[in-house]
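The structure displayed is predicted, hence computed values, not measured ones. Both ligands and their constituent atoms are indexed starting at 1 by order of listing.
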Amino acid sequence: MLSTYAVIGDPIHHSMSPSIHNAAFRELGMDATYIAYRVPAGELEEGIESLKRTGMAGFNVTIPHKVEIMRFLDKTDEGCSAIGAANTVVVMAEDGGGGGAVLKGYNTDMDGFLDPIRRRGIGIAGEDVLLMGAGGAARAIAAGFAKEGAGRITVVGRDGAKTGELARFARSLGLDSDVAGFGDMPALAGYKFVVNATPVGMAAGGDGGGTKDADGGAEKDGLPVDASQIEEGMVVYDIVYRPINTGLLGKAKKAGATTIPGYEMLLGQAARAFEIWHGRDAPYGAMKRALVGMSA
Ligand code: NAP
């Protein structure tokens, strides 16, 4: 029987998830399909009800629902509870055969973020991190660095309340943490990891953005950091995935740093979601070809 999966969010038309998952189904000859389903802010409850009625087997959750979805989950895994947000949901039949559905949430952003670092064999334990951004993705990233025993994490953002909250969260997970603004960022020397978790550098229209910032942040089409300070030995990770080669990654490559493009995080989280839903290894190569082919 055909099983159906979805990604819900708004905007959703640009989502690459249907291409990635459908490529995996084709590669493995699975009788399954994956669609994008627009669920606007404020309509999550109705959206979930219709997903249940249509017999959806599982779904991904993206902006703006990753935190609000938590209220609708019957069960959560450890990572999802720690981060306070979910991006992957399994729809299970209710025990006892009553015909109802039970939702279990996971957060695959954290493992998706760590996956390309692990694939490169780069150690995290004891290393210092400069993390730009204090939104949902930054929270999953901080949790990932904490899980791997990083040293200090400096959270850089334009909203002191949000950076302060993320730094407290990081400390609660055992990381040494401090905060800075874009205007008073510390020197990069000494940080092993420099991570951009803001939309700065994203192609115009990539995420509904593309405007310049007049609010103490970086210009969206500029660089989030003074790239002249990037050195060999650093790992520069830009989670923006469109374009694949952001301005930050280009400068970091020239400086001899190890660079990690955001599409690898996107693939990592999709592969993990695939494994949760289907209980088998994800066909990473086929998923990557679908993604890179689309964005090139
Ligand atoms: P979010 O929750 O909206 O957080 C965005 C963060 O970036 C906030 O801290 C925000 O600051 C900051 N920011 C926005 N515009 C800025 C600017 N011009 N200058 C400086 N800071 C700015 O979004 P998110 O879910 O964390 O996602 C952040 C980015 O990562 C997006 O581009 C998204 O597409 C990308 N992403 C990639 C992956 C992947 O798999 N590769 C996964 C998740 C997200 P304020 O709070 O002050 O607005």
Between ligand 1 and [X], can you find any atom pair, the residue atom being a heavy atom, that is separated by under 4.0 Å?
| X | result |
| --- | --- |
| Phe182 | yes |
| Ala197 | yes |
| Gly133 | yes |

Nearest candidate to [atom], where distance is taken over non-hydrogen atoms, out of [options]:
| atom | options | value |
| --- | --- | --- |
| atom 12 (C) of ligand 1 | Asn196, Thr108, Asp159, Thr198 | Thr198 |
| atom 46 (O) of ligand 1 | Glu264, Lys162, Lys66, Met132 | Lys162 |
| atom 8 (C) of ligand 1 | Gly157, Gly135, Pro116, Gly136 | Gly135 |

With only distance considered, is [X] within less than 3.5 Å of ligand 1 through an N or O on each side?
| X | value |
| --- | --- |
| Ala134 | yes |
| Ile63 | no |
| Val240 | no |
| Ala138 | no |

Under 3.5 Å, is there a donor-acceptor pair linking the side chains of Ser17 and Asn60? no
Once you measure the plane-to-plane angle for Tyr5 and Phe25, does it fall in the parallel (<30°), tilted (30-60°) or perpendicular (>60°) bin? tilted
I'd like to know if the side chain of Trp277 and the backbone of Arg272 have a donor-acceptor N/O pair within less than 3.5 Å. no
Contact atoms of ligand 1, heavy-atom distance to Met202 under 4.0 Å: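 It comes down to these atoms of ligand 1: 32 (O).
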NZ (Lys52) with more than 12 external heavy atoms under 6.0 Å: yes
May I ask you to decide whether [X] forms a salt bridge with [Y], counting only side-chain N to carboxylate O separations under 4.0 Å?
| X | Y | result |
| --- | --- | --- |
| Asp111 | Lys147 | yes |
| Arg118 | Glu148 | yes |
| Asp109 | Lys66 | yes |

Once you restrict to heavy atoms under 4.0 Å, what part of Met265 touches ligand 1? Side chain, backbone, both or neither. both
What's the shortest heavy-atom distance between Tyr284 and Asp115, and which atoms? CE1-OD2, 4.1 Å
